[in-house]
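Whatever order the structure lists them in is the order used to number ligands and atoms, beginning at 1.
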Amino acid sequence: MINKENLKVSLQQNFGFSEFKKGQEEVIFKIVHGESLCAIFPTGSGKSLCYQLSALHLKGLTLVVSPLLALMKDQVDFLRRKGIPAEVIDSTLTKQEVSKVKEACYIGKVKILMVSVERLKQESFRNFLQTLEISLLVIDEAHCISEWGHNFRPEYIKLPKYQQEFGIKQVLLLTATAPKHVVEDMKEKFDIKYENIINTGFFRENLALIIVPHSEDEKLEALRKILANKSAFPAIVYTTTQKKSEEVASALRSFGIDTNFYHAGLDSKEREMRQNAFMQGEVDVMVATIAFGMGIDKENIRTVVHYDLPKTIENYSQEIGRAGRDSKPSKCYMLGSSGDVETLKNYVYADTPDFSEIHAVLSDIKSSKGSWEFILLRLSKETNMKELVLKTLIVYLELVKIIESSYAYFDEVRFKLLRSEEEILEKFKGERLEFLKSIFHCSSLARTWYTLSSEALYREELDTKRVLIALEYLDGVEDIVLETKNSVDVYKIINPGFDLEVLSEKLFKKFHEKEYFEIARIENMIEFFKSDRCIAMALSEYFSDMLEKSCTMCSVCKGEKTRFERVAHKKEEEYSEILLREFKEMYYKKFSRKPSSRECAKFLCGVTSPHILQMKGKKQEYFGIFEGINFAEIVKKVEE
Ligand code: ADP
Ligand code: MG
């Protein structure tokens with residue numbers, strides 16, 4: 001049996017590291033002895049090594065599921081540099097490349113295989129995995145599995161089911177942020193023993209946590225004071241909305257502070273440029289929405305400010321965790337006040353679907369024969385459910401065994417030539433040549449782009465899958481540029497006999513429970529910020545990590561009392577029917593039906609839905625007139 005001494009030798013020989021980092025040895029030792037574990041280590045503390053080293057001492061394959069493409073690539077490069085046979089299967093691979101990797105796995109030449117969760121939606125890929133001997137399933141960013149986590153990815157809840165299907169005995173869950181209830185959830189879903197939850201503690205002692213709530217009109221002045229001294233730079237300031245990030249950035253610039261802003265509304269090139277400029281120290285302050293986060297691994301961030309309330313305690317913890325990675329003293333300010341609470345809650349309410357919306361999806365399934373097909377974006381527009389909400393609903397339907405994901409295809413395929421048609425064709429002969437010729441024949445040329453006509457394919461009896469494989473091949477050898485649009489998801493209907501009303505009601509209830517939970521979570525966070533206990537201690541406790549003594553640096557330890565009294569938002573306007581007249585008219589014109597009361601309330605509270613976005617409701621005069629007012633109160637008013 002392998003002992004700890006062997007493991008250390010293996011660490012040196014395979015990775016060139018002389019010592020284990022905190023927690024690694026314990027985790028690896030347990031894995032190679034057949035246990036399933038959950039490892040909770042802070043970001044940057046070497047979670048990946050736990051599976052990388054273990055994989056070398058396990059008989060079969062180690063399958064790693066990760067939500068981030070870029071990170072998977074980095075890890076595979078790292079492993080290959082160390083001479084460890086690792087592969088990644090993602091959407092950038094051609095069909096040929098995928099088959100090569102599959103083959104290598106099949107004959108046992110691969111130790112570590114990394115895939116995205118989306119790949120597991122493919123029935124054929126799942127069938128393939130069933131043929132392999134997989135020793136360990138690793139789930140990176142495992143908190144995504146919990147509906148009660150802050151970053152829930154619906155696809156993740158199917159992982160326990162897949163573990164069984166693939167006959168994998170052991171799992172290793174990796175995460176940096178998991179509060180108690182999420183840990184409970186992970187533990188239960190994967191049957192992990194209590195003593196196999198390895199938590200190395202996450203609080204950095206160099207962070208001073210300061211909670212100083214300010215009303216909206218005092219915030220800017222407070223921020224100016226915080227950033228008055230150069231020693232506060234580099235700094236990140238988080239705001240809730242994109243608009244606010246721009247406003248605050250421009251205000252700071254007018255004070256002479258070198259500031260930029262960042263949010264998901266900017267295009268990806270622009271975002272990358274701004275991020276790089278900040279990373280390289282060319283700009284002192286970045287005002288951003290939570291979109292600014294991935295890959296912000298900058299050592300010397302001295303200040304993180306939450307201009308508004310964070311979304312959850314997990315978000316708060318992750319965002320302050322970007323400060324002071326170099327262990328030097330750093331400050332984290334939270335300026336948000338109770339005035340922001342209702343706004344946060346209204347985002348939650350807006351995500352709960354109406355009964356009729358759920359009903360519409362289920363009857364669509366009911367009326368489909370054998371299989372159910374949809375384009376997510378289109379279905380979202382039709383049903384008025386946000387994409388993430390729809391994905392959640394679909395996963396629920398899979399879990400109750402109504403449908404099962406099968407495969408996806410593209411409903412629009414176009415390409416342009418990088419060489420002449422003759423040059424491309426001359427490399428082929430016989431049946432293949434004829435096949436390619438007929439593909440060109442089935443495509444219509446506009447100025448530079450050919451569009452594949454599915455009717456023509458049908459007429460010529462060409463197999464769509466084979467056509468795509470051929471085009472992907474030509475794309476791979478740079479004969480053409482291939483573009484595919486609108487992924488159509490196909491699900492098998494495995495229980496068409498369900499009761500439409502009963503199931504709609506059941507799922508509707510489930511979404512309501514979720515809503516209830518999320519609202520409670522916001523309340524919880526407020527209690528946390530109001531608390532008169534050492535903030536670092538309270539935060540650690542929330543993540544099941546006990547600090548032995550008070551931090552002595554936070555605002556509570558310093559004796560500053562938080563003024564977190566509940567100030568209701570001032571209502572400038574009284575509710576009247578007039579506020580909704582134009583909205584209702586436009587809505588009716590566009591969708592040929594009246595908006596529901598909840599839809600009206602969303603409009604007035606300033607939260608969007610796919611329908612409100614489609615009719616450009618944000619531009620209307622009364623959009624958001626009751627921003628920050630309780631949603632349920634407005635729904636009631638509308639119903640009266
Ligand atoms: P996490 O996933 O926990 O955020 P990573 O697994 O990406 O962190 O590891 C962070 C860095 O630490 C990587 O560059 C990795 O190579 C390095 N590392 C991991 N284990 C050790 C070790 N025992 N000794 C030295 N460096 C290590
Ligand atoms: Mg990691």
Nearest non-hydrogen atom to atom 24 (N) of ligand 1 belongs to which of F17, F15, F41?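 Nearest heavy atom to atom 24 (N) of ligand 1 lies in F17.
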
Who's closest to atom 20 (N) of ligand 1 heavy-atom-wise, of Q24, Q52, K21, Q75?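 Answer by nearest heavy atom: Q24.
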
Is the shortest distance from a Lys or Arg side-chain nitrogen in [X] or [Y] to a carboxylate oxygen in the other one below 4.0 Å?
X    : Y    : value
E527 : K530 : yes
R521 : E518 : yes
E103 : K109 : no

Can you confirm whether something in the protein, heavy atoms only, sits under 4.0 Å from atom 14 (O) of ligand 1?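 So far as the 4.0 Å threshold goes, atom 14 (O) of ligand 1 is out of reach of every protein heavy atom.
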
Ignoring hydrogens, tell whether any protein atom lies closer than 4.0 Å to atom 27 (C) of ligand 1; use the non-hydrogen atoms only.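 Yes, because at least one protein heavy atom sits under 4.0 Å from atom 27 (C) of ligand 1.
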
With sequence neighbours excluded, what pairs up with E246 under the side-chain contact (heavy atoms from CB on, under 4.5 Å) test?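 Per chain and number, E246 pairs via side-chain contact (heavy atoms from CB on, under 4.5 Å) with F261, H263.
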
Any donor-acceptor N or O pair under 3.5 Å, side chains E141, Y156: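 On atom types as modelled, these side chains do not qualify, holding no pair under 3.5 Å.
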
How close does the nearest protein non-hydrogen atom get to [atom], and which residue and atom is it?
atom                    : result
atom 7 (O) of ligand 1  : S48 OG, 3.8 Å
atom 8 (O) of ligand 1  : G46 N, 3.2 Å
atom 10 (C) of ligand 1 : G44 O, 3.8 Å
atom 23 (N) of ligand 1 : E19 O, 2.8 Å

Classify the contact between P42 and ligand 1 as side chain, backbone, both or neither, using a heavy-atom distance cut-off of under 4.0 Å.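 It is the backbone that touches ligand 1; the side chain stays farther off.
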
Pairs touching residues 313-333 that satisfy ring-ring contact (aromatic ring centres under 6.0 Å, His included), sequence neighbours left out: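 Qualifying pairs: H306-Y316, Y316-F529.
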
Cation-pi check, K4 to F29: give yes when NZ or CZ is under 6.0 Å from the six-membered ring centre and within 45° of the ring axis, no otherwise.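 Satisfied, under 6.0 Å and within 45°.
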
Contact between C50 and ligand 1, counting heavy atoms under 4.0 Å?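 No; C50 lies far enough from ligand 1 that no heavy-atom distance drops under 4.0 Å.
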
